[in-house]
Number of protein chains: 2
Amino acid sequence: MPEINIKYLAKQLNLAPSTVSRALNDSYEISEKTKVRVLALAKELNYHPNPYARSLRDHKSYTIAVIIPERINNFFAQVIDGIEKVTRQHGYHLLVYNTHEELDIERKILSFLLNGRVDAIVMSVSSQTSKIDHLLQLYQKKLPVIFFDRICDEFPTTKFITNDYQSGYDGTKHLIQKGCQRLVFLTLSKDLSISKERLRGFKVALKDYGMEFSPNQVIVCMQEEDENIKLIGDLLGSEDRPDGILASVEKLAVAIYKAVRNTSLKIPQDLKLISFSNMKIADILDPPLSTISQPAMEIGIACADLLMKKLTKKDHPEFEDRIIMIPSKITIRRSSGE
Amino acid sequence: MPEINIKYLAKQLNLAPSTVSRALNDSYEISEKTKVRVLALAKELNYHPNPYARSLRDHKSYTIAVIIPERINNFFAQVIDGIEKVTRQHGYHLLVYNTHEELDIERKILSFLLNGRVDAIVMSVSSQTSKIDHLLQLYQKKLPVIFFDRICDEFPTTKFITNDYQSGYDGTKHLIQKGCQRLVFLTLSKDLSISKERLRGFKVALKDYGMEFSPNQVIVCMQEEDENIKLIGDLLGSEDRPDGILASVEKLAVAIYKAVRNTSLKIPQDLKLISFSNMKIADILDPPLSTISQPAMEIGIACADLLMKKLTKKDHPEFEDRIIMIPSKITIRRSSGE
DNA sequence: AACGAAATCGGAATCGATTGCATGATTAAA
DNA sequence: TTTAATCATGCAATCGATTCCGATTTCGTT
């Protein structure tokens, strides 16, 4: 079978490749008659232009990189679905990378993207990311970047987040009002943007309700679930064990459930729990989990909408350095006391 | 800032682009001295070859397409993690596409991949896929394809699956031994390879234990969860409601839990349930869900290993037309009666 | 000193699609 | 009938990296 490229089409039609190209691109210079002939054959042979030849000439790849720290995660999966929904309509393709929360992997991935492989990047940084030198390279190369959720404050671009401070505040307030005296905040990292904001809400809520804050109310967890279960188990076995937990990451809520299983404690009687989570099955857990769920699909769509504007309209200005906030939704279920 | 390409490097070093290219590729024709100079500058300027120029010449994209029917799904997410783990080590990139279980989308995606954009495809077909004309195009174009889980029997290539027949049989047997009299099999489609096999196991188990099978024991569900909850609700409200369900897809198990909430029935007392599922939180559901979980990560790794062999070794033969089976693991929990 | 082989490197074509410029053909206007 | 204008198409360069082939230099050997 011969390679079906533009030269082959041209030969079959007894035309020059340039004419075929123009016909396919509906140029005004080509007669209707010729266009019809060309399009007919292209359709018959199921011809599609070689994307790499086009990319080489146009310096556009029609490809976008999506970088996330975790794939088995409802939030990120939904965001990607949102991004894909929009970009697909514009003929863009998605390269998806998982950093597994590791800075080294994040670094390596970004270095692969600096050479024109993608037209833009949409990312949520790893929990290990505190220095941002590897990100600044993108800025120097003028590669458009949008951050969502776990953003990078120092990087001047548009960022999409949820109202983390407010959600942290509201979740904490809720626990206090349910009678919790010894509150704990669980997180993956102290450097993460979302953790900082959610923790800030936690602290302010404590203060507003006349409670002291002490640093050991913040527990920084690990990557491995087993380690976290142990960590939380120790916490629950301690003298002044917490009676209320705000988990800033979905997987930590799961670890709490599993850790509690190993004790004689009961949720919510002995321990009230609320967690940031996009699980669609929060209400069939035992007990149903109170959640702060983020508008993941909307975030994905918003990111992609902005991106498509920038990429499809020429001379579109660089992304403004600003933060766009879409509110999360808090849903009280039995884990925090009905 | 000048574009950093091979010509720029050549000019800086007072060499020809061809020499620079050879030096970068560690050719024997280039002296050590020159190689050192070239590599030093390349490193300093953080030079990476333009991937599209290389692809155009080599007819290789170092890119693989992964096509799945659903992204918010633990099984598929784990498989992709497995694929990425292997392919990343070989410098390959992953384009990930979600068909949302729609045949039209699957068709469209495949048509985008026929022009050299990817070197191979790893996919699990949508539940609507019964005709396979759109897949056969890939075969004609000699584009390597590997199927996993939801395979396409008529397509001659290597396929990775789990022991669906056996799992279906074992799950059904378990329900029977727990005393279920009126069993029902829930599925997304009658055409899907996995559904057929799992159903076959269901039927044979019934027969082996002296139970009649009637076609209305098979319920074909919808895409929308709300519809499924209603469908299952009706089922549970009927005269001869089932007392045991084998759900062939994770999301259907979730729908069952939610449907049961609307009734006065109790799992497992009134209804025993076991489901194919890769949820990591099956044991914190209320009640904990008995699962048949597939070795997702292993499947992904196996697919990618085979693929990498084919793509990195020249003159590697086409994929054999065979099926490789990796067994699932059945875990009994309280939803099927302790 | 001279010759040949090996070691190094440069020139130019190539991959496939696009596009500025030139050319040829057709038609309308003078 | 001639000229100008419009229309339709072809030629050739380009994008960046690679590689075949040819050219030059270096070195060892007689």
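Letters A, B, ... are given to chains in the order of the sequence lines, protein chains preceding strands, and every chain is numbered from 1. All values below come from the heavy atoms of this structure, side chains included, with hydrogens, waters and symmetry mates left out.
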Give a yes or no on this: more than 12 heavy atoms of other residues, nucleotides or ligands lie within 6.0 Å of atom CG of A:Asp133.
yes
Which pair of non-hydrogen atoms, one from B:Ile30 and one from B:Ala23, has the smallest distance, and what is that distance?
CG1-N, 3.9 Å
Length of the [atom1]-[atom2] vector between [X] and [N], whole Å:
X       : N      : atom1 : atom2 : value
A:Lys11 : D:dG10 : NZ    : P     : 14 Å
B:Glu32 : C:dC9  : CD    : C1'   : 15 Å
B:Glu29 : D:dA23 : CD    : P     : 16 Å
B:Leu15 : D:dA17 : CG    : P     : 15 Å

Classify [X] by what it touches in the nucleic acid, base, sugar-phosphate, or nothing, heavy-atom distance under 4.0 Å.
X       : result
B:Asn14 : sugar-phosphate
B:Ser55 : nothing
A:Ser27 : nothing

Qualifying residue, where the test is side-chain contact (heavy atoms from CB on, under 4.5 Å) with B:Tyr47 and the options are B:Leu24, B:Leu39, B:Leu41, B:Val38:
B:Leu24
Distance, nearest 0.5 Å, that separates CG of A:Leu307 from CD1 of A:Ile83
8.5 Å
B:Tyr62 and B:His90: aromatic ring centres closer than 6.0 Å?
no
Return yes if some donor-acceptor pair links the side-chain N/O of A:Lys35 with the main-chain N/O of A:Ser27 below 3.5 Å, else return no.
yes
Flag, side chain of B:Ser126 to backbone of B:Pro69, donor-acceptor distance under 3.5 Å
no
Donor + acceptor pair across side chains of B:Glu84, A:Asn98 (<3.5 Å):
no
Protein-proximity profile, nucleotides 14-20 of chain C, B/S/- by nucleotide at the 4.0 Å heavy-atom cutoff, equals BBBBBBB
Please report how far the helix from C:dA1-D:dT30 to C:dA30-D:dT1 bends, comparing the axis fitted to its first five pairs with the axis fitted to its last five, to the nearest 10 degrees.
60°
